[in-house]
Colleague: 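Here it is, the structure in full.
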Amino acid sequence: MSKRFYITTPIYYVNDKPHIGHTYTTVLADVFARHHRMMGEEVYFLTGTDEHGQKIEKTAAARGITPQQLADEVMPNFENLWKRMGLTNDHFVRTTHAQHKAVVQERFKQLLDTGDIYKATYKGLYSVSDEAYVTETQAKELQTQGLAHQLVELEEESYFFKLSTYEHWLIQLYEKYPDFALPDFRLNEVKQFVAPGGARGNLQDLSISRTSITWGIPVPGDDRHVVYVWFDALLNYLSACREGFWPPTLQLVGKDILRFHAVYWPAFLMAMFRQEGEDLNGELPARIRALLPKTILAHGWWLMGEDKMSKSKGNIVRPDDLLRFGNDAGRYFLLRDMQIGHDRSFSFEGFMERLNADLANGLGNLASRSLSMLQRYRGGVVPVAVLFDDLDREVAEQGRKIAPVYLALAEKHDFSGALDHLWAYLRYLDGYIVKAEPWKLAKDDANQAKLDTVLCQLYRSLRATAILVAPVMPELAQQLWESLGMAGKVVEQRFADFQYEASAPGPVGEPKPLFQRIDKETVMKEMAEPTLAAPTAVAETPVEYAPLKENIDYDTFSKTDLRVGLVITAEAVPKSKKLIKMTVDLGFETRTILGGIKEAYTPEELVGRKIVVVANLAPRTLMGFESQGMLLAASDSNSMPYLIAPPADAKPGFIVK
Ligand code: ME8
């Protein structure tokens, strides 16, 4: 039986739409899942939504809908986004699913029976934002941070989990198995929380029921209480686990929720899995360790400037901003730019610069140069290398090492480091081309074998790159794979079978650009003015309604091909009162289009705007220029034309219907 790999993301609250933070964690999980599939492992990848609790109840109440309606409305934003991005999660769990609720109730009952959960009265402070009771020390911390307003005095009956009795086992878990929570500096924070300065006796029992809200799973046998949202949420990993995959191999979390995952979660599991006779003050049994998650990996935050992105601050980068240059580009950027564990500031400019430097230039350039040389000098047939000089031997040596080094870094969860290493290698290959000067070798009959060597090594390196980056950029890797003349799906390759020096099966294809260079200025302008403003001069006259034209049937209408276009250049047509001549990008091609809008718009304001174009109108000549389409604008007989503006996210070439 092959090795099993069970990977999870946090389940996201349904009181907000997905943003770059959620996207990051889920994309990272997808990359791990794909990577481990290519390692030949059987993978189970779980994500989902956290639908109970006070936050959801409050948001729903504010909108005048039920929490279930809110959950049903928001959940698809997550599920559909992951589908649209081609993520390969095997399941999507919702905490409002009956199956999940049953497991939570069953486990709650089990712990009541074993005495790990007991009922008592809590009197003290409560943090509304964290939905948690607060110790005196924590209250002081909040006060010094100016967050005292989040605290309320509370006296209520509650069910408690005996967290304190698991302190000894937890500390052993951290000491003996330091890969339980990574990176190490985050594990240290966890240790500090459980036993500050090594002092024991800090952990207090945890309240795990609420009477203040009703939106949750009822406590079995006492439905005045609902189960605390974190007990409910954490159990998703158990309730939605696929048979045979327990325990989780890798659980990804943001640093904000590490404590829940590295303290409460293993303690709940210890309570569920422990057997009679196992001493809570003795050694942590190996049997128990084997039933706990192998690794909880905490990543840092994407920040805007110095701030965490949050809805209340209104500084959120939404997934579509990230996906506007394609799924793969967004994935590459997220993986490459964030070093796991650390925070990272997001800038849109930095994002575009990274893509231009690494995908359009770096890999894109190397691939197109290499493939064109293979075409030009060898008719696409990959020659075999015979190593000639020290440089060739060094390149071959680096080539043999690239996969093992990349895979070892990925094994340490360091995709940023792995990609950095691979791109340094691609730059090194650029240097090899410059030194070897294949264009000069080609001119001399005596140097043909040396040219073979250079071309073959470039080919092998690109093939290695296609395989290694396939989990990060599946589409781009497949395109590269095919242009190298390789058959089948690159994602079906197994890392273990990969040989740098394996022979080349078929002729290589024509070079196609892997990634279109982004015109930063145009995009920035587009972002700054996402929707089209009204014409500069508009007459304030009453609307004059033109009579309706006669009915047409749908078939007649559907003959019109309307497309989203992006204005790339615009200039006034000399001697014309009305006409502006534009170059318009339709995605699949660019067109020259003339529009009678000069009285309403200046050429400058048109550049970077998106418009709607009638794309299958027969061309016609106006003032000596051929117009290859017509733009759409709204007006009455008195007003200036208002250009019809597609939403900012619509891409050139999209059909308007
Ligand atoms: O905490 N940068 O859900 P949540 C990076 N339901 N990642 C970020 C981020 C940012 N700025 N903001 C959010 C919950 N995240 C609970 C989890 S699990 C049993 C229950 C990511 O919707 C990060 O993974 O607030 C973080 O852990 C998660 O979103 C929190 O999502």
Side-chain angles (χ1 to χ4, degrees), residues 3-11 29 32 36 41-47 93 100 103-104 106-108 110-111 114 116-117 161-184 186-195 203 205-206 208 230-255 257-299 411 413:
K3 218 170 140 186
R4 292 192 165 169
F5 182 79
Y6 173 20
I7 180 154
T8 67
T9 73
I11 48 171
F32 274 112
H36 281 262
E41 297 178 11
E42 246 183 284
V43 171
Y44 181 57
F45 167 17
L46 177 68
T47 188
V93 60
H100 171 77
V103 169
V104 171
E106 191 186 302
R107 292 297 183 172
F108 198 100
Q110 178 198 345
L111 299 192
T114 57
D116 283 290
I117 291 179
F161 172 73
K162 274 193 184 167
L163 183 61
S164 53
T165 60
Y166 289 92
E167 188 183 272
H168 182 69
W169 275 10
L170 285 172
I171 291 169
Q172 286 189 54
L173 174 65
Y174 310 143
E175 296 294 341
K176 282 175 109 177
Y177 306 96
D179 65 346
F180 172 71
L182 293 174
D184 51 4
R186 295 268 172 239
L187 176 64
N188 285 339
E189 289 169 13
V190 172
K191 284 187 195 168
Q192 271 306 309
F193 171 74
V194 173
L203 275 192
D205 289 354
L206 181 73
I208 53 163
W230 273 100
F231 185 84
D232 168 351
L234 286 163
L235 259 67
N236 90 83
Y237 305 129
L238 190 64
S239 73
C241 176
R242 181 174 285 172
E243 171 113 34
F245 278 85
W246 190 263
T249 326
L250 187 61
Q251 301 207 268
L252 302 182
V253 296
K255 65 177 185 181
I257 57 171
L258 178 62
R259 183 179 298 179
F260 296 97
H261 284 81
V263 182
Y264 304 159
W265 173 226
F268 294 155
L269 292 172
M270 286 168 177
M272 286 168 202
F273 294 139
R274 80 186 164 87
Q275 287 174 352
E276 284 285 317
E278 283 173 337
D279 180 4
L280 291 170
N281 294 309
E283 286 267 299
L284 168 69
R287 191 187 68 82
I288 294 280
R289 170 58 184 118
L291 287 168
L292 303 177
K294 176 152 189 316
T295 296
I296 313 283
L297 181 63
H299 63 72
E411 186 67 34
H413 312 111

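Predicted, not measured: the structure shown is a model, and the values here were computed from it. What you see below is based on every heavy atom in this structure, not just the backbone, and it leaves out hydrogens, waters and symmetry mates.
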Colleague: Taking C-beta and beyond as the side chain, do K294 and L250 meet within less than 4.5 Å on heavy atoms?
Modeller: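 In short, these two side chains do not touch, never coming nearer than 4.5 Å.
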Colleague: Of K191, R186, Q192, which is the lone residue that meets side chain to side chain contact (heavy atoms under 4.5 Å, CB included) with N188?
Modeller: K191
Colleague: Are the side chain of T8 and the backbone of L46 linked by a donor-acceptor contact shorter than 3.5 Å?
Modeller: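 Here the side-chain-to-backbone pair does not exist.
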Colleague: Heavy-atom distance under 4.5 Å between the side chains of E278 and R287, does that happen here?
Modeller: yes
Colleague: Hey, is the main chain of K162 close enough, under 3.5 Å, to the side chain of D116 for a donor-acceptor pair?
Modeller: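 Judged by distance alone, no pair lies under 3.5 Å.
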Colleague: Please check this pair: side chain of T249 against backbone of Y6, looking for a donor-acceptor N/O pair closer than 3.5 Å.
Modeller: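 Present.
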Colleague: Keeping R107 on the side-chain end and L235 on the backbone end, is there a donor-acceptor pair under 3.5 Å?
Modeller: no
Colleague: If you measure from CG on L234 to CG on L269, what distance do you get to the nearest 0.5 Å?
Modeller: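 With rounding to 0.5 Å, CG (L234) is 8.5 Å from CG (L269).
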Colleague: Would you indicate whether the side-chain heavy atoms of F268 and L206 approach each other to under 4.5 Å?
Modeller: yes
Colleague: Answer yes if the ring centres of F108 and F231 are under 6.0 angstrom apart, and no otherwise.
Modeller: yes
Colleague: Within the distance-only criterion (no hydrogens, no angle test), does the side chain of H100 pair as donor or acceptor with the backbone N or O of D232 below 3.5 angstrom?
Modeller: yes
Colleague: What is the minimum heavy-atom distance between A181 and A262, and which atoms define it?
Modeller: CB-CB, 4.4 Å
Colleague: Taking atom CD of Q110 as the centre, does the number of heavy atoms from other residues, nucleotides or ligands within less than 6.0 Å exceed 12?
Modeller: yes
Colleague: Which residue in the set Y237, F260, W230 passes side chain to side chain contact (heavy atoms under 4.5 Å, CB included) when paired with W265?
Modeller: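 Answer after filtering Y237, F260, W230: Y237.
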Colleague: Heavy-atom count around K3 NZ within 6.0 Å, excluding the residue itself: above 12?
Modeller: no
Colleague: State which residues pass ring pair (Phe, Tyr, Trp, His ring centres under 6.0 Å) with F180; sequence neighbours excluded, sorted by chain then number.
Modeller: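 In terms of ring pair (Phe, Tyr, Trp, His ring centres under 6.0 Å), with neighbours along the sequence ignored, F180 is linked to no residue.
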Colleague: Q172 side chain to G282 main-chain N or O, any donor-acceptor pair under 3.5 Å?
Modeller: yes
